[in-house]
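Report on one structure; see the data block that follows.
Just so you know, these numbers come straight off a predicted model, no measurement behind them. All values below were derived from every heavy atom in this structure, side-chain atoms included, with hydrogens, water molecules and symmetry-related copies excluded.
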Amino acid sequence: MCGIVGIVGLGAVNQRIYDALTVLQHRGQDAAGIVTFDGDRLHLRKSNGLVKDVFKTRHMMGLTGFSGMGHVRYPTAGSSSSAEAQPIYVNSPYGIVLAHNGNLTNADALKKELFQSDRRHINTNSDSEVLLNIFAHELQSCRNKRLSAGDIFDAVATVHKRCQGAYAAISMINDHGMVCFRDRFGIRPIVFGKKETEQGTEYMFASETVGLDALGFELIRDVLPGEAIYVEFDGTVHSRQCAEETRYAPCIFEFVYLARPDSMVDKISVYRTQMRMGEKLAARILKEWPEHDIDVVIPIPDTSTTAAIELANKLSIKYRQGFVKNRYIGRTFIMPGQEMRKKSVRQKLNAIGMEFKDKNVLLVDDSIVRGTTSEQIIAMAREAGAKKVYFASASPPVRFPNVYGIDMASADELIAHGRDVDQICESIGADGLIYQDLDDLLASATEGNPQITNFEASVFDGNYITGDINQHYLDILQAKRNDQNKAKKEKQFYDKTIDGLDLYNTE
């Protein structure tokens, strides 16, 4: 997952893009980048780190212009190289920059195709660079001196034919405008908004509606699967369905963990979805554990809090905040490398002893991926004096790797892969373990928008919706994601950064 934002404005956009990236920081803590267009030149700054660390005053002063885009990065295939920070730039044709959220499942084949047929060289391991060059090559074939909306939409249509997988992308074309397009399944989210000013109308794209909210933009709608929206720098808006076949199937994990509760994703409230997840999980507990002896419900902050509150209400059991979270530690799920995740758990959470002592505690988390975090938290609860520690997951067992932009783990690192619930329970050291039912999870989201009846849920059911994933692909992906390979890159990730420079000047 990554976070992307783009603004075609009527005033300076550098600070506004910075602010939008800050509220989208939960979507990526690996790297950040901003590019702006001043009517003549593109200005780019990107590097490893959080938004607040990448952009200093001297960088912001150089990001001049009334239009621009930004990106917060989370690695999707085990790589943490700062060379892959986005937005990515290519100078031909016109000068194009692109930021991308998702993962191309045929990136390796496309890379060879680009070199052999399109005569384009890919300089990183980033599938975003592949996507940019595919798009650029299709624009290159346009014979018109000035690109029309039709030319851009034709290029996007060919991108859909050539590229497989998940992608929500924003691209800015020098001296023309900004285009946003989404894969034909709508797996990764992207929204379109506007803001009326005295000078006219400004337009904005963002991964989540909180990006629009933070800047006072009004939501127009979600970008549809297979659709492209093109906004010229003069504010003229064009849109077209560019994919021949579409099927609305957003990623269900957006509602479990990725998106902020105050976001709307494909007209579905993340907050209300998580409330319903808690209600349905409570119903399952009453069915499977009718004689339970739970004294208190405690969430693992923060993504499980909404579900845990509703669960406690339905069970008529006390709800307590038993863990205090260190706000200065990043999300452990998206930290590269198992050892760093292990180290960060006790730095991130501290137990309030009085909420655990001599009680039978039900801990609620949004999901269980590798299980190491759950195991450590259960141990912390016991050390704090809990008599029994039960564990509830607001989502079903994560049994399969994700191939659409979430670098959660390889198959052999997933605790639920090849294990039943009792074995998982024993492994994490709980006195009892209960999972959400997949149908209940899907229903929790569908209730928010009955028009969406399909969700991409491959991490739970192994059904890869794009239809192009086989065991050979998964074997290759596992090798890329293996924690041992990641560990070799961690020192480079934390010790080495490459300053993003202005495209035509040095700092």
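- Counting only N and O atoms by type, the side chains of Asn326 and Gln347 include no donor and acceptor under 3.5 Å apart.
- The backbone N or O of Ile424 sits nowhere less than 3.5 Å from a side-chain atom of Arg419 that would complete a donor-acceptor pair.
- For the side-chain contact (heavy atoms from CB on, under 4.5 Å) test with Leu110, the passing option among Asp127, Asn133, Leu131, Ile134 is Ile134; the others fail.
- For the pair Glu456 (side chain) and Ser458 (backbone), a donor-acceptor distance under 3.5 Å is present.
- Proximity of Arg45 to Phe55: side-chain heavy atoms (C-beta onward) are separated by under 4.5 Å at one or more points.
- By the 4.5 Å heavy-atom criterion applied to side chains, Leu438 and Asp461 are counted as neighbours.
- Put simply, OG on Ser367 and CZ on Phe253 are 4.0 Å apart, with the number rounded to the nearest 0.5 Å.
- Inter-residue side-chain proximity for Lys325 and Asp302 is flagged as met; some heavy-atom pair is nearer than 4.5 Å.
- Atoms OH and OH, from Tyr404 and Tyr167 in turn, are 12.0 Å apart once rounded to the nearest 0.5 Å.
- Side-chain contact check for Glu208 and His26: at least one donor-acceptor pair (N or O, by modelled atom type) lies under 3.5 Å.
- Asp468 and Thr105 share a side-chain donor-acceptor pair at under 3.5 Å.
- Between the CD1 atom of Ile17 and the CE atom of Met69 there is a distance of 8.5 Å, given to the nearest 0.5 Å.
- Nearest heavy atoms, Pro87 versus Val35: CG-CG1, 3.8 Å.
- We find that Asp431 and Arg382 are joined by a salt bridge, their nearest charged nitrogen and carboxylate oxygen being less than 4.0 Å apart.
- Here Asp222 does not pair with Arg188 in a salt bridge; the nearest charged N to carboxylate O distance is not below 4.0 Å.
- With no hydrogens or angles considered, a side-chain donor-acceptor pair links Gln86 and Ser128 at under 3.5 Å.
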- Please assess Glu129 against Ser126 for the test side-chain hydrogen bond (donor to acceptor under 3.5 Å, both in side chains), listing each intermediate value before the final yes or no. CA-CA 5 Å; Glu129 187 182 8; Ser126 172; 6.0 Å; no
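- In this structure, Leu139 and Ala155 approach most closely via the heavy-atom pair CD2-CB, 3.6 Å.
- Side-chain contact between Asp437 and Arg284: present, with at least one pair of heavy atoms (C-beta onward) separated by less than 4.5 Å.
- Not one N or O on the side chain of Ser171 forms a donor-acceptor pair closer than 3.5 Å with the backbone of Val179.
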- For side-chain contact (heavy atoms from CB on, under 4.5 Å), just list the numbers for Met204 and Phe192, CA-CA rounded to whole Å, side-chain angles, deciding distance to a tenth of an Å, and then say yes or no. CA-CA 6 Å; Met204 180 176 176; Phe192 180 47; over 6 Å; no
- Item | Criterion side-chain contact (heavy atoms from CB on, under 4.5 Å) on Tyr89 and Ile96, from CA distance to verdict | CA-CA 6 Å; Tyr89 170 78; Ile96 306 173; over 6 Å; no
- Task: Before giving the answer on side-chain contact (heavy atoms from CB on, under 4.5 Å), spell out for Val159 and Phe181 the whole-Å C-alpha distance, their side-chain angles and the decisive distance to 0.1 Å.
- Result: CA-CA 10 Å; Val159 167; Phe181 55 94; 4.1 Å; yes
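- The closest donor-acceptor contact from the side chain of Glu426 to the backbone of Ile428 lies at 3.5 Å or more, if one exists at all.
- Taking the centre of each ring, Phe135 and His100 stay at or above the 6.0 Å mark.
- No salt bridge links Asp183 with Arg247; every basic N to acidic carboxylate O contact stays at or beyond 4.0 Å.
- Panel note: side chain His417, backbone Leu414; no donor-acceptor pair is recorded below 3.5 Å.
- Inter-residue side-chain proximity for Tyr230 and Phe153 is flagged as met; some heavy-atom pair is nearer than 4.5 Å.
- Residues Gln140 and Ser92 have side chains that bring a donor and an acceptor to within less than 3.5 angstrom of each other.
- Considering CG of Leu212 and CE of Met264, their distance stands at 12.0 Å, rounded to 0.5 Å.
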- Item | salt bridge (charged side-chain N to carboxylate O under 4.0 Å, His left out) assessment of Asp118 paired with Arg162 | CA-CA 13 Å; Asp118 300 351; Arg162 297 181 68 177; 2.9 Å; yes
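- Between the side chain of Glu288 and the backbone N or O of Ile434, no donor-acceptor pair lies under 3.5 Å.
- Between the side chains of Tyr271 and Ser263, not a single donor N or O lies within less than 3.5 Å of an accepting N or O.
- Taking the side chain as every heavy atom from C-beta outward, Ser410 and Pro401 never approach each other to under 4.5 Å.
- Heavy atoms from other residues, nucleotides or ligands lying under 6.0 Å from CD of Glu245 number 12 at most.
- Nearest heavy atoms, Gly165 versus Ile187: O-CD1, 4.3 Å.
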- Item | Candidate pair Val364 and Ile300, rule side-chain contact (heavy atoms from CB on, under 4.5 Å), full reasoning | CA-CA 6 Å; Val364 181; Ile300 312 302; over 6 Å; no
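- Residues Leu477 and Val403 form a side-chain contact, since some pair of their non-hydrogen atoms from C-beta on lies under 4.5 Å apart.
- Side-chain contact between Arg240 and Asp154 is present, with at least one heavy-atom pair separated by less than 4.5 Å.
- Annotation: the span from Thr446 atom OG1 to Ile268 atom CD1 amounts to 6.5 Å, rounded to 0.5 Å.
- The main-chain N or O of Phe37 is never found under 3.5 Å from a side-chain atom of His43 such that the two would form a donor-acceptor pair.
- Salt bridge present: Arg260 and Asp262 bring a charged side-chain N and a carboxylate O closer than 4.0 Å.
- Closest of all the heavy-atom pairs between Cys251 and Ile406 is SG-CD1, 4.1 Å.
- Residue Ile190 forms a side-chain contact (heavy atoms from CB on, under 4.5 Å) with just one option from Asn101, Leu224, Ile170, and that option is Ile170.
- When atom types are taken as modelled, the side chain of Lys280 and the backbone of Leu441 share no donor-acceptor pair closer than 3.5 angstrom.
- Looking at Glu227, its side chain never comes within 3.5 Å of a backbone N or O of Arg182 through a donor-acceptor pair.
- Contact record, Gln436 with Leu281: OE1-N, 3.5 Å, taken as the closest heavy-atom pair.
- In terms of heavy-atom proximity, Arg73 sits nearest to Ala85 at CD-CA, 4.0 Å.
- For the 3.5 Å distance criterion, the side chains of Tyr74 and Asp407 fail to qualify, holding no donor opposite an acceptor.
- Remark: side-chain polar atoms of Asp30 are not paired, donor with acceptor, to backbone N or O of Gly49 under 3.5 angstrom.
- Taken to the nearest 0.5 Å, the CG atom of Asp366 stands 8.0 Å off from the CD atom of Gln274.
- Under the 4.0 Å criterion applied to side-chain N and carboxylate O atoms, Glu244 and Arg184 are not assigned as salt-bridge partners.
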